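Please read these numbers as outputs of a predicted model, since none were measured by experiment.
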Amino acid sequence: MNTMNLRPAYKYRFCDMVKGIGVFYAIMVVVMTSVICLVSFEVSNGSKVSGSFAAFVFAATIALFVMGITTIREDMRLMLQNGIGRRTIFVTELLAVLSVSLLLAVAGELLIAIGQAVTASRSEFFITDLYQILYTDGINFNLSLSEHFESIALAFGIYMCANLAGMFMSLLFYRLNKMWTLIVAIGVPLLLIIGLPMLLTRGSAGRFIESVFGMMLEFALSSPWALLLCFLLTAVLIGIVNWLMMRRAPVKPVK
């Protein structure tokens, strides 16, 4: 890995991702502000209405997943053409997603905290996020410093996993030929929607798989650190597979 190439490559990828999440974050600020203003206006006119804002982590996860899909192919073509090796490209992607995931996790926690502080005395507002929904009954709650840290850490793990999963999807379809692209695009959704439910409802194998999934889910939801561990382990496994696919991926023209 050429460390001389790592800095400019990281700077390019990080700055580009920051622009993307900056637009996303601005939209979330506008949405939350609009909810607060509209509900306040209706309440001031005597209407009995309520408003909620509780999907920042969910929306951010989708944004980073899509970003993982769209950036990896562009980076491979651009950086390989400029003499940057595949290992340097992969490390660049990891460092960029680490930085952006942490930045977005902190920014999201700050936004939710500000929204809850502004609406603390107003029962008609419901402003919360995933951590509070899972571990504090979803109420507007003044979190302690350690709880804010847990919330940020959990969001960070989810964002990392989502972005690497997006990279995996992009690299998978990048490596497949036309026939296998069609087979995977049709077969995987059918397997998940039809095949897996049928397997879980039939025979001892289905009951065994269901019990294993149940134990895994129970462990994951037992504490925020357990859930974070699950996301981080998943991210590591996906990252390893991404590197195995990326190290020998041919450079193809844009379709």
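Closest approach of M246 and R86 over heavy atoms only: O-NH1, 3.0 Å. Closest approach of S99 and F14 over heavy atoms only: CB-CE1, 3.6 Å. The heavy-atom pair separating G157 from L228 by the smallest distance is CA-CD1, 3.7 Å. A pairwise comparison of heavy atoms in T234 and C161 identifies CG2-SG, 3.6 Å as the closest pair. Across every non-hydrogen atom of I112 and T128, the tightest pair is CD1-O, 3.8 Å. The heavy-atom pair separating M160 from S101 by the smallest distance is N-OG, 3.6 Å.
Expressed to the nearest 0.5 Å, how far CZ of F58 lies from CG of D129 amounts to 11.5 Å. Atoms CE and CH2, on M167 and W243 in that order, are 11.0 Å from each other to the nearest 0.5 Å. Distance check, rounded to the nearest 0.5 Å: CG of L217 to CG of L227 gives 9.0 Å. If you take CG on L111 and CZ on F53, they are separated by 5.5 Å, rounding to the nearest 0.5 Å. L232 CG to I158 CD1: the interatomic distance, rounded to the nearest 0.5 Å, is 10.0 Å. Here the CD-CE distance, from E74 to M79, works out to 8.5 Å after rounding to the nearest 0.5 Å.
By the criterion of side-chain heavy atoms lying less than 4.5 angstrom apart, applied directly or through intervening Ile, Leu, Val, Met, Phe, Trp or Tyr residues, V106 is grouped together with L98 in one hydrophobic cluster. Clustering ILVMFWY residues whenever any of their side-chain heavy atoms sit less than 4.5 angstrom apart, transitively, puts L229 in a cluster other than the one holding L154. One hydrophobic cluster holds both I36 and V31 under the rule that ILVMFWY side chains link at heavy-atom gaps under 4.5 Å. If you chain together hydrophobic residues whose side chains sit under 4.5 Å apart, I27 and V29 fall into the same group. In the hydrophobic clustering of this structure, I84 groups with L78; members are Ile, Leu, Val, Met, Phe, Trp, Tyr whose side-chain heavy atoms approach within less than 4.5 Å, directly or through other members.
Here D16 pairs with R13 in a salt bridge; the nearest charged N to carboxylate O distance falls below 4.0 Å.
Side-chain atoms of N242 never come within 3.5 Å of backbone atoms of L171 as a donor-acceptor pair (strictly under, hydrogens ignored). T92 contributes a side-chain N or O that, together with a main-chain N or O of T88, makes up a donor-acceptor pair within less than 3.5 Å. Without hydrogens or angle criteria, T70 side chain to M67 main chain gives a donor-acceptor distance under 3.5 Å. The closest donor-acceptor contact from the side chain of S170 to the backbone of G166 lies at 3.5 Å or more, if one exists at all. No donor-acceptor pair under 3.5 Å is formed between the side chain of E150 and the backbone N or O of W225. Checked by atom type and distance alone, the side chain of S222 pairs as donor or acceptor with a backbone atom of F219 at under 3.5 Å.
Contact annotation: the side chain of F90 approaches that of L94 to within less than 4.5 Å [non-hydrogen atoms, C-beta and beyond]. Annotation: side chain of V35 is not in contact with side chain of I127 (no heavy-atom distance under 4.5 Å). No side-chain heavy atom of Y174 sits under 4.5 Å from any side-chain heavy atom of I72. Residues E93 and T71 form a side-chain contact, since some pair of their non-hydrogen atoms from C-beta on lies under 4.5 Å apart. With contacts defined as side-chain heavy-atom distances shorter than 4.5 Å, the pair F65/M169 qualifies. Residues T33 and C37 form a side-chain contact, since some pair of their non-hydrogen atoms from C-beta on lies under 4.5 Å apart.
The side-chain contact (heavy atoms from CB on, under 4.5 Å) test applied to V236 returns I240, not counting sequence neighbours. F24 is linked by a ring pair (Phe, Tyr, Trp, His ring centres under 6.0 Å) to F56, counting only residues two or more places apart in sequence or in another chain. By the ring pair (Phe, Tyr, Trp, His ring centres under 6.0 Å) test, F156 is found to be paired with no residue, residues two or more places apart in sequence or in another chain being considered.
Of the candidates V97, V100, T61, Y159 forms a side-chain contact (heavy atoms from CB on, under 4.5 Å) with just one, namely T61.
Between Y131 and Y135, the angle of the ring planes lies from 30° to 60°, which puts this pair in the tilted group.
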